[in-house]
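Heads up: the structure comes next, in structure tokens.
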Amino acid sequence: MSLRYVTTNEGKIAEALEYLDADVVQFDYDYAEIQAPELESIAAHGARAAFRAARRSDTVDGTDTPVVVDDAGLFVEGLDGFPGPYSSYVDDTLGVERVGELAREADATRAQFRCVLAYCDGDGFEATPEPVDREARRGQDLSADTRDAATTDDTVAGGELPVKLFVGSVPGRIVEPRGDGGFGYDPIFEHDGTTLAEMSPTEKNAISHRGRALAKFADWYAGR
Ligand code: IMP
């Protein structure tokens, strides 16, 4: 059964295909992002909205099609994780170069990119280390250490949609912009002496937050 990758960005499909043997199709569904301090809540909310939209649009032989949503951002440690979940908005308004200047002015250059993949297929999940986001708990504290480290979910029958989360991150530091590749904050993010914008797509995918989350997800999904 195909997996619907919820994105308006075709590049993400190409990247997902490098990790997944599954039949991956783009699901061009623009869900409303909730304002939340964590990527986890935003991605889980998006996965539920997308799953419900897919369910309304069609089902294959009465079977729901699984969906996966990703949400990513840059977290500058010395700026309390700014811009974090607001990376896209800050990119559009303040701009990448200004974020770089702020971090360097504050001498706060340690940073990481994080990516959360949120998977929903309407069923519950067997216990694995990856967390499950439960709908009933949305709005409460969903930090990784307090979130249920996963038991079989028994709320599916009650109509709630559990979502499985896969997190990938890459450490680095904020530098003066270098390189012409990539997108977003890539020119100001250096990992092992090279900015992500100086890497080829293959080099970036091999170490990127999204690549790491996809690798974990692909491993788990193969057994789903
Ligand atoms: P999204 O999860 O793809 O919507 O990413 C949110 C924002 O985070 C983007 O608009 C970019 O500004 C930034 N971002 C996410 N991933 C990357 C990356 O791999 N390189 C550079 N910027 C990124």
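In listed order, ligands and their atoms are each counted from 1.
- Salt-bridge check for Asp186 with Lys204: passed, with a basic side-chain N closer than 4.0 Å to an acidic carboxylate O.
- Counting non-hydrogen atoms of other residues, nucleotides and ligands closer than 6.0 Å to CD of Glu97 gives a total of 12 or fewer.
- Applying the salt bridge (charged side-chain N to carboxylate O under 4.0 Å, His left out) test to pairs two or more places apart or on separate chains, none has a residue in residues 27-36.
- Remark: Asp121 engages Arg224 in a salt bridge, criterion side-chain N to carboxylate O under 4.0 Å.
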Tabulated below should be the N or O atoms of ligand 1 paired with protein N or O atoms at under 3.5 Å; can you produce that?
{"unit_1": "ligand 1", "atom_1": "2 (O)", "unit_2": "Asp71", "atom_2": "OD1", "d": "3.4"}
{"unit_1": "ligand 1", "atom_1": "2 (O)", "unit_2": "Ala72", "atom_2": "N", "d": "2.7"}
{"unit_1": "ligand 1", "atom_1": "3 (O)", "unit_2": "Lys12", "atom_2": "NZ", "d": "2.8"}
{"unit_1": "ligand 1", "atom_1": "12 (O)", "unit_2": "Asp91", "atom_2": "OD2", "d": "3.0"}
{"unit_1": "ligand 1", "atom_1": "16 (N)", "unit_2": "His209", "atom_2": "NE2", "d": "3.2"}
{"unit_1": "ligand 1", "atom_1": "16 (N)", "unit_2": "Arg210", "atom_2": "NH2", "d": "3.3"}
{"unit_1": "ligand 1", "atom_1": "19 (O)", "unit_2": "Lys204", "atom_2": "NZ", "d": "2.8"}
{"unit_1": "ligand 1", "atom_1": "19 (O)", "unit_2": "His209", "atom_2": "NE2", "d": "3.3"}
{"unit_1": "ligand 1", "atom_1": "20 (N)", "unit_2": "Asp186", "atom_2": "OD1", "d": "2.6"}
{"unit_1": "ligand 1", "atom_1": "20 (N)", "unit_2": "Lys204", "atom_2": "NZ", "d": "3.4"}
{"unit_1": "ligand 1", "atom_1": "22 (N)", "unit_2": "Tyr185", "atom_2": "N", "d": "3.1"}

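- Heavy-atom neighbours of Asp80 CG from other residues, nucleotides or ligands within 6.0 Å: at or below the threshold of 12.
- Ser87 pairs in a side chain to side chain contact (heavy atoms under 4.5 Å, CB included) with only one of the listed residues (Val96, Asp92, Leu74, Val99), which is Leu74.
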